[in-house]
Amino acid sequence: MSKTDLTRRGLLKTGAVAGAGVALPTIFTAQSAAAFTNEPTGGSVTLGFNVPQTGPYADEGADELRAYELAVEHLNGGGDGGMMNTFSSKALQGNGILGKKVEYVTGDTQTKADAARASAKSMIEKDGAIMITGGSSSGVAVAVQALCQEAGVIFMAGLTHSNDTTGKDRKANGFRHFFNSYMSGAALAPVLANAYGTDRKAYHLTADYNWGYTTEEAVKASTEAMGWETVAAVKTPLTQTDFSSYIAPVLQSGADTLVLNHYGGNMVNSLTNAVQFGLRDKQVNGKDFQIIVPLYSRLMAKGAGANVKGIFGSTNWHWSLQDEGSKAFVKSFGTKYGFPPSQAAHTTYVQALLYADAVERAGSFNPCAVVEALEGFEFDGMGNGPTLYRAEDHQCFKDVLVVKGKENPDSEFDLLEIVEVTPVDQVTYAPDHPQMGGAEASLGSCNPGA
């Protein structure tokens, strides 16, 4: 079956399932003849790419899907091989995974947990996906990760930044390459102190779901520890498109700093509204008013345009990095699509290769063998420098980038500049950190399914 046919079939099934109702409980049944869920028996293996193709994070989803398709091409021996040439592990040979051709199905998470679970369930039960990956919302990631744990397949999270994903909601079958809210707060606070001082009054606007909550908590904790005061923290619906009514009260609060715990289209709209209200031109408490975006991406910067100039934030990866792995990925992606990849594309491409590599090193698609291969795995050559998949919570630990909107960009892609590469030691925390669920948080046991 062709890749195109598989993709179309996945989309149609996703739509059918979502339309039929998604509130029913998920019940996976054992497959008596198989050693584990969806054990590949033919000459191919199917991966499930579950990304937002509609909704406020659709731009990130589109770039994720481009990266997944590039990863499949490289795994099957096509293209220039990209990061397979720079990856410190040499297990991947460009002949699929364990000699089986890689095929894939896709689904639309719609940036909604119920829709994402429905599409993942369809890919596992009807398409035989051995691994699910993707997502651009932490609410989606937490929901799909729990489903994959129940089903007995591996979940390689895409773009999910909430502490919860590898914190209180961590699962043995789930893994995250992307950084998290705690790391953003730890990386940003020293840079903000140097730029704006230690006497600031901050007002938070926060997306009303688990990513927003943990990002607000992490940034508040880090900035308050250096002397800042939080004067208000207001939640905003994920579906909000006009933030004017939320910006006006900021001007009456006495705050001299606005922290936008928003992502994707939400951030583009809230920042645009804040600039339209003239916040960046005001002085409060004898200081120039400042805006901060804790989680940045190139796609968001493009959407917000000139409004991002001079605004600090953090990011997992940026196409301007000059390590060999990043250069190889930017070259492959740019050759295929005509523009540089986003951080969403980078993390999903890396996750696909890390899964395939783990299967090769384990010599098995059995999810428990994959878990064992990934836990404590140290690697390099994939951007961000040396990286560890920590065994205790399945979180990757690596350097974190602090970026700022560029004042004089050279192109529509040259919108962010790296102002600091924060060493991994500065963003590392204990597995039982209170922001990560404390001592109660546990991976549980690996589930092979059948």
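This chain uses plain numbering: 1 for the first residue, then up along the sequence.
In this structure, F49 and V105 have side chains that are not in contact, with every pair of non-hydrogen atoms separated by 4.5 Å or more. Using a 4.5 Å heavy-atom threshold, the side chains of V51 and D108 count as separate. Contact annotation: the side chain of L238 approaches that of Y57 to within less than 4.5 Å [non-hydrogen atoms, C-beta and beyond]. Looking only at side-chain heavy atoms (C-beta outward), I292 and I311 stay at 4.5 Å or farther from each other. Under the 4.5 Å side-chain criterion, counting only non-hydrogen atoms from C-beta, F155 is in contact with V144. Here the side chains of F87 and M382 are in contact, with some heavy-atom distance below 4.5 Å. Counting heavy atoms from C-beta on, the side chains of I124 and T37 come closer than 4.5 Å. The side-chain heavy atoms of L47 and Y355, taken from C-beta on, include a pair separated by under 4.5 Å.
A salt bridge links D256 with R200; the closest basic N to acidic carboxylate O contact falls under 4.0 Å. A salt bridge between R170 and E392 is absent, with no side-chain N of the basic residue lying under 4.0 Å from a carboxylate O of the acidic one.
The closest donor-acceptor contact from the side chain of Y337 to the backbone of R66 lies under 3.5 Å. In this structure, the side chain of D399 engages the main chain of V424 through a donor-acceptor pair within 3.5 Å. At distances below 3.5 Å, not a single donor-acceptor pair connects side-chain atoms of D127 with backbone N or O atoms of A129. One N or O on the side chain of Q53 and one on the backbone of G107 form a donor-acceptor pair closer than 3.5 Å. Between the side chain of N76 and the main chain of V102, a donor-acceptor pair closer than 3.5 Å is present. When atom types are taken as modelled, the side chain of T257 and the backbone of A202 share no donor-acceptor pair closer than 3.5 angstrom. The main-chain N or O of F413 is found under 3.5 Å from a side-chain atom of W319 such that the two form a donor-acceptor pair. E216 contributes no side-chain N or O that, together with a main-chain N or O of H204, makes up a donor-acceptor pair within less than 3.5 Å. In this structure, the side chain of T86 engages the main chain of M83 through a donor-acceptor pair within 3.5 Å. Judged by distance alone, with hydrogens and angles left aside, the side-chain atoms of N266 form a donor-acceptor pair with the main-chain N or O of Q240 at under 3.5 Å.
Annotation for N180 and S162: closest pair CB-O, 4.3 Å, computed over non-hydrogen atoms. For the residue pair V45 and P40, the shortest heavy atom distance occurs at CG2-CG, 3.8 Å. Of all heavy-atom pairs spanning G139 and Y209, the tightest one is N-CE1, 3.7 Å. For D323 against G383, the heavy-atom pair with the smallest separation is OD2-CA, 3.4 Å. Minimum heavy-atom separation, R176 to F178: CG-O, 3.2 Å. Shortest non-hydrogen contact noted between M84 and L75 is SD-N, 3.9 Å.
The CD atom of Q426 sits 5.5 Å away from atom OG1 of T422, with the distance rounded to the nearest 0.5 Å. Once rounded to the nearest 0.5 Å, the distance linking CG of N307 with CD1 of I291 reads 8.5 Å. For the atom pair CD of E69 and OG1 of T106, the computed distance is 8.0 Å after rounding to the nearest 0.5 Å.
Of the residues listed (N384, T428, T387, N316), the one engaging K398 in a side chain to side chain donor-acceptor pair (under 3.5 Å) is N316, and it is the only one. When each of V400, L416, I418, V403 is paired with T315, the side chain to side chain contact (heavy atoms under 4.5 Å, CB included) condition holds for V403 and for no other. Partner of H161 under the side chain to side chain donor-acceptor pair (under 3.5 Å) criterion, out of S314, S184, S138: S184 alone.
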Just do the side-chain hydrogen bond (donor to acceptor under 3.5 Å, both in side chains) check on Y213 and D208 with the steps written out, would you?
CA-CA 7 Å; Y213 308 153; D208 191 10; 2.4 Å; yes
Can you check side-chain hydrogen bond (donor to acceptor under 3.5 Å, both in side chains) on T165 and Q145, steps first, answer last?
CA-CA 8 Å; T165 309; Q145 180 172 250; 5.9 Å; no
Please evaluate residues T241 and N269 with respect to the criterion side-chain hydrogen bond (donor to acceptor under 3.5 Å, both in side chains), reporting the C-alpha separation (whole Å), side-chain torsions for both, the decisive distance (0.1 Å), and the verdict.
CA-CA 6 Å; T241 56; N269 292 331; 5.5 Å; no
Between N447 and K171, is the side-chain hydrogen bond (donor to acceptor under 3.5 Å, both in side chains) condition met? List the steps.
CA-CA 10 Å; N447 176 23; K171 301 294 182 188; over 6 Å; no
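When ring centroids are compared, F179 and W317 stay outside the 6.0 Å threshold. Side-chain rings of H318 and H346 stay apart, their centers remaining 6.0 Å or farther from each other.
Enclosure of atom NZ in K112 is not indicated, since only 12 or fewer non-hydrogen atoms of other residues, nucleotides or ligands lie within 6.0 angstrom.
A search for ring-ring contact (aromatic ring centres under 6.0 Å, His included) contacts involving Y196 returns F312, not counting sequence neighbours. Residues satisfying the ring-ring contact (aromatic ring centres under 6.0 Å, His included) criterion with F277, sequence neighbours excluded, are absent altogether. By the side-chain contact (heavy atoms from CB on, under 4.5 Å) test, T236 pairs with L205, F243, Y246, H262, sequence neighbours left out. The ring-ring contact (aromatic ring centres under 6.0 Å, His included) search around F175 returns Y389, H394, not counting sequence neighbours. Partners of S44 by side-chain hydrogen bond (donor to acceptor under 3.5 Å, both in side chains), not counting sequence neighbours: none found. Listed by chain and residue number, R390 satisfy the side-chain hydrogen bond (donor to acceptor under 3.5 Å, both in side chains) test with D393 (two or more places apart in sequence, or in another chain). S297 pairs by the side-chain contact (heavy atoms from CB on, under 4.5 Å) definition with E60, Y263, L299, M300, Q343, not counting sequence neighbours. Partners of D169 by side-chain hydrogen bond (donor to acceptor under 3.5 Å, both in side chains), not counting sequence neighbours: none found. With sequence neighbours excluded, the residues satisfying ring-ring contact (aromatic ring centres under 6.0 Å, His included) with Y429 are Y182, F397. Applying the side-chain contact (heavy atoms from CB on, under 4.5 Å) rule to T348 yields the partners E64, A67, Y68; only residues at least two apart in sequence or on another chain are considered. Evaluation of the side-chain contact (heavy atoms from CB on, under 4.5 Å) rule for A58 yields no partner, not counting sequence neighbours.
Side-chain atoms of Q435 and T214 include no donor-acceptor pair closer than 3.5 Å. With no hydrogens or angles considered, no side-chain donor-acceptor pair links N50 and T109 at under 3.5 Å. With 3.5 Å as the limit, one finds a donor-acceptor pair spanning the side chains of D80 and S332.
Residue pairs meeting the salt bridge (Lys or Arg N to Asp or Glu O under 4.0 Å) criterion with at least one member in residues 292-317, sequence neighbours excluded, are K302-E412.
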